[in-house]
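To start, the structure under review is shown below, and the notes come after it.
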Amino acid sequence: MAAQTGRTVNRYTLFYVDDSGGTLRSIPVNSINGVGLDFEEKEAWAFYDAVRGSLLNTPSCVITISGPFDSTASTGSHTVLSGIAGLNTPLALDIRFGIRHTWEAGEPTFGITGTTANGFLCKSYLVNPDDATYTAVFVVFAGSAAPEWATAAHT
Amino acid sequence: MANSGRTVSRYTRLWAGDAAAGYDLSGDVMSIGNLGVEFASDELAALNWTVKGNILGIPTFSIGPVNTIFNIDPTNKYTHDRLAAAIGLTQTLIAAIGVLEAPTYASVCYVGQFNQKSYAGIEGNTTITTSTSFVPSNPGSLNYISPWGKVVHPLGAETAANTGTTNVVDNGAATAAGGYLVWVLTALNAGTATISIDDSADGSSYSALSGATSGAVAAISAGLVQLSTTATVRRYLRWQLALAGGATSATFALAFVRG
């Protein structure tokens with residue numbers, strides 16, 4: 001089926017991140033926040049300006065995910081996240097938005113292809129055993145290129 | 001071998017102790033709170049960077065608050081007696097997460113040593129419950145950045161040394177980054193018990209993992225022992241026990257975190 005356009009629902013969204021061996025894995029998630037760049041706002045107005053204004057400075061990107069605790073070999077959320085939390089090795093990360101069907105090339109993605117200089121880091125990983133869920137936070141590696149919106153997979 | 005996949009809270013267990021006590025809290029714990037590891041970082045940006053970036057620093061491990069049912073017995077030392085006595089002390093904890101079964105060999109677990117900050121009773125409509133808080137630990141003396149490991153021996157009694165090759169932890173491959181073991185001894189009928197770990201390359205022939213031992217322990221207690229960060233740990237791990245001085249039974253839990 002060809003890439004589709006228009007609106008969609010979250011059941012066609014997939015979250016991918018490198019595991020500790022550099023293999024891109026799709027892990028179970030049920031919440032993703034912070035998908036995009038958030039530009040720092042700097043006020044730049046003067047007394048005699050007709051209206052206050054701002055300029056945009058360097059953006060940041062902090063992605064928070066949560067989902068079920070899962071110890072499945074290779075692709076479980078715990079299996080992947082416990083192995084990458086705290087590593088200072090840039091990780092590929094990709095969020096793929098299927099448009100009313102399983103994602104395919106031509107449909108939106110947000111992320112970055114991992115290299116030795118570009119990628120995300122897993123800053124924190126918390127498990128709540130009381131409801132068997134996890135939360136993980138990803139930040140951009142220092143000096144990395146910016147993650148981007150695209151219509152091709154990031155690897 | 002442990003199940004893998006998703007689970008629910010009723011298969012979680014919490015074992016705890018210190019130099020003077022070892023106990024199973026699972027019969028009174030209602031909730032454990034978040035089991036966390038968070039790495040310090042500053043968001044930075046040089047002039048020509050297209051996005052702010054980070055380098056991760058020292059981690060903080062955290063657990064709790066642990067909420068329990070109020071349960072007291074000064075003679076037999078139930079949950080209240082244990083937690084009230086542990087206020088202000090460093091506790092060794094193993095939170096074992098079973099997947100659709102009670103934690104077993106190779107189950108995922110979260111381990112660490114935390115200072116118990118508080119223990120307070122809460123009077124509800126009918127039942128009295130308690131809340132115990134632990135100070136997030138910056139593990140200054142710990143040479144490892146992960147609190148996640150595997151259960152090598154779920155809490156239970158053993159009466160002899162281990163000669164088996166089935167109840168083991170298979171890592172898939174050996175590692176050369178050391179690790180650390182955490183143990184909780186909740187019962188010992190006499191003498192001493194030495195809790196340790198054997199490793200193996202093939203799952204059949206085991207020998208002692210150098211340094212991975214509690215040493216001879218003469219009473220219920222808990223502890224953490226680190227290996228060198230470059231120690232080779234072979235693929236398969238199994239628990240080991242040495243009873244001496246008239247001891248015939250020891251009840252313990254054992255976990256290992258690979259580096």
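Values in this document were obtained by computation on a predicted structure and should not be read as measured data. Just so you know, these numbers use all the heavy atoms, side chains as well, and skip hydrogens, waters and symmetry mates. Residue numbers start from 1 in every chain, and the chains themselves are labelled A, B, ... in the order their sequence lines are given, proteins ahead of strands.
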Side chain, backbone, both or neither of P68(A) within contact of chain B (heavy atoms, under 4.5 Å): side chain

Region of V137(A) in contact with chain B, defined by heavy-atom distances below 4.5 Å: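 Neither the backbone nor the side chain of V137(A) comes within 4.5 Å of chain B.
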
Chain B: which of [options] shares the most heavy-atom pairs with it under 4.5 Å?
options	result
S144(A), G143(A), C122(A)	G143(A)
N128(A), V62(A), D131(A)	N128(A)
A73(A), G76(A), A142(A), A132(A)	A142(A)

Would a 4.5 Å heavy-atom cut-off, applied to side chains only, mark [X] and [Y] as touching?
X	Y	answer
R6(B)	S77(A)	no
K123(A)	L56(B)	yes
L126(A)	L35(B)	no
E43(B)	V140(A)	no

Partners meeting side chain to side chain contact (heavy atoms under 4.5 Å, CB included) with T135(A) (sequence neighbours left out):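 T64(A), S66(A).
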
Spacing of S41(B) atom OG and L121(A) atom CG [to the nearest 0.5 Å]: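 These two atoms lie 8.0 Å from each other.
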
Atom pair OG1 (T12(B)) and CZ (F69(A)), whose distance is rounded to the nearest 0.5 Å: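 Here the interatomic distance stands at 8.0 Å.
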
Aromatic ring pairing W148(B)/Y125(A), orientation class (parallel under 30°, perpendicular over 60°, tilted between): tilted

Leading residue by heavy atom contact count with chain A [cutoff under 4.5 Å; candidates G5(B), G53(B), S9(B)]: G5(B)

Which of V108(B), L47(B), T7(B) touches chain A most, by non-hydrogen pairs under 4.5 Å: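 Winner by heavy-atom pair count: V108(B).
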
T58(A)-K52(B) side chain donor-acceptor pair, cut-off 3.5 Å: no

Under 3.5 Å: donor-acceptor pair, side chain of S124(A), backbone of V37(B): no

Whether T50(B) side chain and A146(A) backbone form a donor-acceptor pair below 3.5 Å: yes

Crowding at CG, D42(B) (>12 non-hydrogen neighbours, <6.0 Å):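 Open: at most 12 neighbouring heavy atoms sit under 6.0 Å from CG of D42(B).
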
For V127(A), the option from I97(B), N34(B), I32(B) that meets side-chain contact (heavy atoms from CB on, under 4.5 Å): I97(B)

Inter-chain contacts: residues 79-118 of chain A against chain B, heavy atoms under 4.5 Å: S82(A), A85(A), G86(A), L87(A), N88(A)

Where P129(A) and G33(B) come nearest, the two heavy atoms and their spacing: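 Closest approach of P129(A) to G33(B), heavy atoms only: CD-O, 3.1 Å.
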
Please classify the contact between [X] and chain A as side chain, backbone, both or neither, with a heavy-atom cut-off of under 4.5 Å.
X	value
S31(B)	both
I145(B)	side chain
N3(B)	backbone

